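The structure appears below as structure tokens.
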Amino acid sequence: MPRGIYECIDCGHREVKDSNDAVLGGACPECGGDMVLVGFELESKEIGGEETNTELYTKLREFYDLGEMKVEGRVTAFEVLSIKEWNFERVLRELEKLKYWAALKRRKDKVILYVFPAQPIKKDNPFIGISLFIATVISTFLAGYWLSSSYVAFLNEYNLPGIRNIYLNALAFSISVLAILGTHEMGHKIAATIHGVKSTFPYFIPFPNLLGTLGAVIRVKSPIPTRNAAIDLGVSGPIAGFLVAIPVSIIGLKLSVALPTSMISHIEGGIYFGENLLFMIIEKAFFGNGDLVIQLHPVAIAGWVGILVTFLNLIPAAQLDGGHVARAFMGEKLHYYFTMGIGLSLLILSAFWPVWVLWAFIILILGRAGNPGALDEVSPIGKRQILLALIVIVIFVLSATPIPIKTSIS
């Protein structure tokens with residue numbers, strides 16, 4: 001069994017132990033903190049020995065000048081003296097033909113290339129995705145029906161013009177939500193395909209709640225090759241979904257109705273959707289700055305949901321979309337502490353919206369597992385990816401919704 005290299009998450013003490021467990025609770029001899037597995041101790045072996053795959057080594061020399069080689073189990077580590085091929089995605093494509101993957105990392109003042117057998121990728125059952133999509137169509141339609149009932153009741157109570165066909169409103173809500181979520185995930189899928197990352201098509205998640213869904217996901221089934229790829233995958237979904245959420249929000253707010261607060265006979269109870277900068281800008285364009293109560297059309301709520309989903313996914317923590325972008329610019333340890341800080345900040349924010357407790361719990365749990373980052377953490381980040389990262393920062397600010405939902409007016 002290879003000996004594990006462990007590092008204390010509290011004081012940073014590092015040592016080799018006879019273990020492969022991911023976490024050793026209270027094992028730090030310096031401070032008594034938990035120690036996490038960060039690598040394996042490798043034994044040196046000569047290049048050209050029995051463990052060396054000659055064809056693999058010949059291929060690697062096309063891309064790198066290699067120095068010392070170390071082998072442990074099925075992992076081979078090479079010191080890289082110089083890099084001939086900076087396109088790491090091309091390196092991976094060539095190595096996959098030999099059924100290998102690789103990772104390029106900095107270890108102190110050295111560049112190390114890790115080579116290991118590629119893992120088989122299982123095929124997906126398409127009926128699962130299709131079944132979940134049909135179920136989500138039904139659940140979002142039912143949620144839209146309930147939202148439409150409230151909207152039509154408001155129109156009738158105050159004799160206002162608007163679309164009173166509950167079924168049409170419900171269908172419009174369902175289509176809008178599915179379009180935003182589907183576009184978000186297909187953005188990830190397209191970026192993954194461009195960078196040679198194996199992934200599934202979107203899985204929609206039906207759920208009997210106010211919105212009829214918990215969103216949608218794709219599963220990434222092979223490692224992310226480079227930091228540029230990590231940024232592209234991280235930003236592609238939020239940007240794509242946000243671009244659909246904007247026109248949906250505009251159409252929805254155009255269909256919404258508003259009355260001065262003084263004309264509303266009762267304002268207690270009900271559900272009140274939190275403000276974000278983008279929604280506030282569109283609302284002011286349509287309704288001005290008066291003291292108004294706005295009854296959102298279901299399509300407007302769908303747009304609001306799309307903006308909220310964008311905000312939540314762009315939180316730069318753990319393995320959220322924003323977390324992948326942040327990890328591309330940060331080392332593993334810094335990103336770990338950054339994630340923990342965000343998780344604790346959300347606990348404080350839960351004083352204003354209790355559901356942040358759940359999000360804090362999710363981020364802290366996922367954060368404990370860390371974010372492995374891209375296989376290649378040596379090649380520089382491109383200018384286009386830096387620009388995309390700046391764009392999603394702006395989107396994050398525009399979509400930020402600190403208190404998403406309230407059940408009464410404060």
Side-chain angles (χ1 to χ4, degrees), residues 2 4-5 20 22 37-122 191-199 219-234 319 324 327-332 335 369-382 385:
I5 302 173
N20 278 333
L37 182 67
V38 296
F40 296 97
E41 184 181 54
L42 303 177
E43 298 176 359
S44 298
K45 296 191 178 181
E46 294 295 328
I47 294 176
E50 293 182 356
E51 294 80 4
T52 305
N53 182 315
T54 303
E55 184 180 11
L56 171 64
Y57 182 64
T58 301
K59 177 62 67 175
L60 291 175
R61 290 188 62 184
E62 294 180 14
F63 307 128
Y64 307 101
D65 287 327
L66 301 174
E68 179 186 6
M69 182 188 78
K70 297 182 179 181
V71 179
E72 182 60 58
R74 306 182 75 187
V75 179
T76 304
F78 297 91
E79 180 183 357
V80 176
L81 304 179
S82 66
I83 299 175
K84 303 176 185 178
E85 175 58 74
W86 285 96
N87 185 345
F88 192 73
E89 292 181 22
R90 176 173 177 260
V91 174
L92 283 183
R93 288 195 298 269
E94 292 298 315
L95 293 183
E96 282 187 334
K97 296 176 183 178
L98 303 178
K99 299 182 179 180
Y100 282 90
W101 285 339
L104 196 63
K105 306 287 185 178
R106 290 193 185 276
R107 295 293 181 261
K108 295 183 179 179
D109 58 342
K110 294 182 179 181
V111 175
I112 306 297
L113 177 70
Y114 297 93
V115 182
F116 44 95
Q119 300 300 310
I121 297 175
K122 297 180 180 179
T193 301
I194 290 173
H195 288 284
V197 178
K198 308 297 188 300
S199 62
R219 290 176 53 219
V220 173
K221 304 174 72 174
S222 65
I224 297 175
T226 64
R227 293 189 291 171
N228 282 342
I231 293 171
D232 285 347
L233 264 69
Q319 297 194 36
H324 287 304
R327 176 66 176 86
F329 291 92
M330 299 180 182
E332 188 171 8
H335 187 257
N371 186 321
L375 292 175
D376 174 12
E377 292 192 304
V378 175
S379 301
I381 296 174
Q385 280 71 29

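Source: prediction; values computed, not measured.
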Query raised in the report: Do the side chains of I381 and N228 get nearer than 4.5 Å, heavy atoms only?
Result: yes
Report task. Step through the shown structure and confirm whether more than 12 heavy atoms of other residues, nucleotides or ligands are within 6.0 Å of NZ on K84. Result -> yes
Report task. Show your working on side-chain contact (heavy atoms from CB on, under 4.5 Å) between V80 and L66 and close with a plain yes or no. Result -> CA-CA 5 Å; V80 176; L66 301 174; 4.3 Å; yes
Requested in this report: Taking the side chain as every heavy atom from C-beta outward, state whether P225 and D376 have any atom pair closer than 4.5 Å.
Outcome: no
Query raised in the report: With a 4.5 Å limit on heavy-atom distance, are the side chains of L104 and T226 in contact?
Result: no
Query raised in the report: Measuring from L113:CG to K105:NZ, what's the distance to the nearest 0.5 Å?
Result: 11.5 Å
Query raised in the report: In Å, rounded to the nearest 0.5 Å, how long is the span from OH of Y114 to OG1 of T76?
Result: 11.5 Å
Query raised in the report: Counting only heavy atoms not in E62, do more than 12 sit closer than 6.0 Å to its CD atom?
Result: yes
Report summary line: Looking only at heavy atoms, the pair that brings P223 and V197 closest together is O-CG2, 3.9 Å
Query - Ring geometry between Y57 and F78 (parallel below 30°, tilted from 30 to 60°, perpendicular above 60°) - result: parallel
Requested in this report: Check F88 against A102 and note the closest heavy-atom contact, atom names and distance.
Outcome: CZ-O, 3.5 Å
Query raised in the report: Between W101 and S222, what is the shortest heavy-atom contact and its length?
Result: CZ2-CB, 4.0 Å
Report task. Calculate, to the nearest 0.5 Å, the distance between atoms CG and CD belonging to N371 and Q319 respectively. Result -> 5.0 Å
Query - Check ion pair K97-E94 (N to O, under 4.0 angstrom) - result: yes
Query - Spacing of H335 atom NE2 and M330 atom CE [to the nearest 0.5 Å] - result: 6.0 Å
Report summary line: Distance col, row D232:CG vs H195:NE2, nearest 0.5 angstrom, shows 3.5 Å
Report summary line: A374 and R227 have their tightest heavy-atom pair at CB-N, 3.5 Å
Report task. Would you mind checking if R107 and E377 are paired as a salt bridge, meaning a charged N to carboxylate O distance below 4.0 Å? Result -> no
Query raised in the report: Going from CG on L81 to NZ on K110, what distance comes out if it is rounded to the nearest 0.5 angstrom?
Result: 9.5 Å
